[in-house]
Amino acid sequence: MKSFDSVRRSAMKLLTGKRVVGNVLVAPAIAYLIRFLALPLLAVFAMSFLSRGSYGNVLFKFNPLNYVRLFDPLYAQILGFSLAIAGATTVLTLVAGYPLAYVIARSAPKWRPVLLFGVLLPFWTNFMIRIYAWMMILRSDGLLHAFLSGLGLLRDPLDILYTPGAVLIGMVYEYLPFMILPLYTSLEKIEEAQLAAAADLGAKPAQVFWRIVWPLSLPGVTAGVTLVFVPAMGMFVVSDLMGGAKSLLVGNLIRNQFLSARDWPFGAAAAVVLLALTLILVFVYTRQTRGAALSR
Amino acid sequence: MPARSSRRTMLRFSTLAMVGLLSGCGSGSGQTSPSEPSKELNLYAWSEYIPKEMLTHFTQQTGIKVNYDTFSSNEELLAKLQAGATGYDLVIVSDYTVAILRGQDQLEPLDKAQLPNLINIDDAFKHPPYDPSSQFTVPYQWGTVGLAINTDKIKQPITRWADLWNPAFKEKIVLLDDEFEVLGMVLQTLGLDKNTKDPKQLEAAKVKFASLRPNIKLFDSDSPKTALLAGEVAMGMVWNGEAALAYRENPKIIYICPQEGCGIWHDSWAIPKGAPHQDAALAFLNYSLTPEAGMLITREFPYSNPNKAALNLLKIKDPKAYKVYMDSPSTNPPPAFIKAAKPVDEKGDATPQWDRVWTEIKGGS
């Protein structure tokens, strides 16, 4: 009994010791998050209740009207347009990324790291440079045009750059890896035996997919959709460069308040509302999919 | 204004906290005592605007290391300075931005005794309206905002901003992504005040702009010449220097100042309040005013140069470049251009109104 007790005690000691080590290890990350995430967010929230001075300075005068101003059909329209772009990006990355993730997950284990490496390779180049590269490709007399006209498929100059289509190309390109990686993680966990069992019991390939593969991959779908949709809501660089800056997205609206309009409190209010809306959407979405996964 | 000073205090406190967090001690603010000359200089200016050679020369002469950070709009500069504690010693500001920074009490008065080379500046630029006694600013470059036209693609003569509305130019036009220049141009086309604070006039500009929209291929302030040179568009509203650079690559791209009046701007150096290396800033300013530095600037970034000694030097050293400079309306606009030109003024409390109209133009359907 005594020896058991001492073992238990030393185990407890080790455990609590581990906790101390663990606390020490996470402390820098926590401090970083507090300083560079929590405090700035609090500052933005506080700023959203202040007023604009004549020269664009911030006056310490309580002003809840910043939020009232956002209830304007104009801003609803801009929000709707951003939702549409982010939504389309999410759906397109899912449709394009799912088969690819599936193929990688079902390929021979020795090839998987190579294929995943291929998915991640673009991250080695700066995002802006990749966008400018796309602009060179899509220009009316750019690389794509040279390629297509070389094959004799095309005579007229291409009319893709500076259109909404170009914006979607850029967005899907940018966010595709964020969809593929979580999908791959889920799909890779599905046992070959489960699929074989379903087939043995008479399920057709479509039934195997919808009743076995899809439900089991839902955690990956949820993670991928969230990872793509949330940053896509705030993205405006792609639309400015590849879309010719012809339409305003929520990101542009917020940035303009801090730059040309020099109305920081209103910009802060818009940022708070965007954050809240995105959180609500993601919350509702993850609860729904979790419910769906459980009910199957 | 007590409100603002308390905000400053808060920012200063949080910056200190950050420095403390990063370095683990509270010592580092990087300032040198006034008696000891600075070894470093932090510039904040437009991208593609200051020749690298100029910075190396200055470092060779003085041993002062120069850090050059860039922005792409005056508004970016304002936002950064307003956030406080930037550490910049010298910034480039355009006309109306000087008014704002002076209004916010963000600039240091200049010690003219340290700037003997100011005599090289043309008299025409010694008393600008935004700084009549030249107390805070030193001229760097100036220029116009006009129309660049690819005469290969557009055969009919273009003389007015109003010509942009011609239905023949569907998706053939690039405009600056700048609400003050673009809406100002539309107002001028309507015969109204470019810097109006009247909501009715702004509304009229919005309606007028709607019919221009089908002709616009893109908005781009950073490099409107790129779309012109790539053949995406046939003409557009550009900065004069962009027009001069486009002309170097394709002489078919000409530059005009439309009859309604082009835009005009003046960029100057200024020292932000509390800059840590003011002695180095003044030394750099005096160097930037030398004919040699001025010539470097004009050779690499051909906007209009207010330094007459620099232009004289260019005439001797490189007569060909001098002739191109003098003959181009983009670098040496005829007096009639300048007479009709209008700068962007600070809009004050009407700024949100302008932004609202711009948001409606771009965000509305």
Side-chain angles (χ1 to χ4, degrees), chain A residues 28 31-32 34-36 39-40 43 46-47 50-61 69 72-75 77-82 132 135-136 139-142 157 159 161-163 240-250 252-253 255-264 266, chain B residues 1-4 6-7 10-11 14 17-18 21-22 73-79 82-83 99-106 171 174-175 177-180 213 216-222 226-227 230-233 346-356 358-365:
Chain A
Y32 184 90
I34 289 177
R35 176 60 186 86
F36 293 107
L39 284 183
M47 173 96 60
L50 301 178
S51 320
R52 178 192 195 272
S54 288
Y55 286 105
N57 41 335
V58 178
L59 299 181
F60 271 65
K61 207 171 80 193
R69 261 175 78 190
D72 182 313
L74 175 63
Y75 300 126
Q77 206 175 342
I78 292 171
L79 187 72
F81 188 60
S82 303
Y132 277 104
M135 291 171 72
M136 306 284 278
R139 276 202 185 292
S140 52
D141 56 352
D159 192 19
L161 193 59
Y162 308 128
T163 63
D240 275 4
L241 290 174
M242 294 181 70
K246 278 183 286 191
S247 41
L248 272 187
L249 299 175
V250 181
N252 296 104
L253 179 73
R255 181 195 54 175
N256 287 353
Q257 298 315 310
F258 286 88
L259 297 177
S260 48
R262 279 178 288 119
D263 194 344
W264 292 18
F266 183 57
Chain B
M1 247 179 284
R4 216 176 61 228
S6 68
R7 187 176 147 265
M10 187 180 86
L11 280 165
S14 59
M18 182 178 78
L21 190 79
L22 289 177
S73 72
N74 278 299
E75 284 65 32
E76 229 170 283
L77 163 76
L78 284 172
Q82 197 174 327
I100 297 167
L101 288 175
R102 286 181 63 190
Q104 297 181 345
D105 189 26
Q106 295 245 35
E171 299 222 320
V174 54
L175 292 181
D177 194 10
D178 183 315
E179 58 195 71
F180 304 117
R213 214 182 151 109
I216 300 170
K217 180 91 176 184
L218 76 155
F219 294 92
D220 185 357
S221 290
D222 294 331
T226 310
E232 297 278 354
V233 295
E346 158 62 357
K347 312 291 189 297
D349 288 329
T351 311
Q353 203 107 44
W354 275 70
D355 183 71
R356 162 88 205 186
W358 188 243
T359 308
E360 284 176 22
I361 282 175
K362 277 196 159 189
S365 52

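Here is the naming used below: chain letters follow the sequence lines, and residue numbers restart at 1 for every chain. Since this is a predicted model, take the numbers as computed values, not measurements.
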Within the side chain of R139(A), is there an N or O that forms a donor-acceptor pair under 3.5 Å with the backbone of G231(B)? no
What part of E179(B) is in contact with chain A, defined as an atom under 4.5 angstrom from a non-hydrogen atom: side chain, backbone, both or neither? side chain
Okay, side chain of E75(B), backbone of A261(A): is any donor-acceptor separation there less than 3.5 Å? no
Below 4.5 Å from any heavy atom of chain B, which atoms of N252(A) appear? Answer side chain, backbone, both or neither. neither
In Å, rounded to the nearest 0.5 Å, how long is the span from OG1 of T163(A) to NZ of K217(B)? 8.0 Å
What distance separates N57(A) CG from D105(B) CG, expressed to the nearest 0.5 Å? 11.5 Å
State, to 0.1 Å, how close I78(A) and G363(B) come at their nearest heavy-atom pair, and which atoms those are. CG1-CA, 4.0 Å
Any idea which of E232(B), R213(B), E76(B) has the most non-hydrogen atom pairs under 4.5 angstrom with chain A? E232(B)
For the OG atom of S260(A) and the CH2 atom of W354(B), what is their distance to the nearest 0.5 Å? 11.5 Å
Flag side-chain contact, heavy atom, 4.5 Å: T226(B) against M135(A): no
For D355(B) and Q257(A), does a side-chain donor sit closer than 3.5 Å to a side-chain acceptor? yes
Do the side chains of K246(A) and L175(B) get nearer than 4.5 Å, heavy atoms only? no
A side-chain contact here means heavy atoms from C-beta on lying under 4.5 Å apart; do R52(A) and D349(B) qualify? yes
Side chains of R356(B) and D72(A): does their closest heavy-atom pair fall under 4.5 Å? yes
What part of A99(B) is in contact with chain A, defined as an atom under 4.5 angstrom from a non-hydrogen atom: side chain, backbone, both or neither? backbone
Considering only heavy atoms, which portion of Y75(A) lies under 4.5 Å from any heavy atom of chain B: side chain, backbone, both, or neither? side chain
Which portion of Y55(A) sits near chain B, non-hydrogen atoms under 4.5 angstrom: both
Taking every heavy atom of F258(A) against every heavy atom of A79(B), the minimum-distance pair comes out as O-CB, 3.7 Å
Measure distances from Q353(B) to the heavy atoms of chain A and classify the residue's part below 4.5 Å as side chain, backbone, both or neither. neither
Would you mind checking which part of L39(A) comes under 4.5 Å of any heavy atom in chain B, side chain (CB onward), backbone (N, CA, C, O), both or neither? neither
Short question: side chain of Q82(B), backbone of G56(A) - any donor-acceptor pair under 3.5 Å? yes
Portion of D220(B) that has a non-hydrogen atom of chain A nearer than 4.5 angstrom: neither
For a 4.5 angstrom cut-off between non-hydrogen side-chain atoms, does T359(B) reach L253(A)? yes
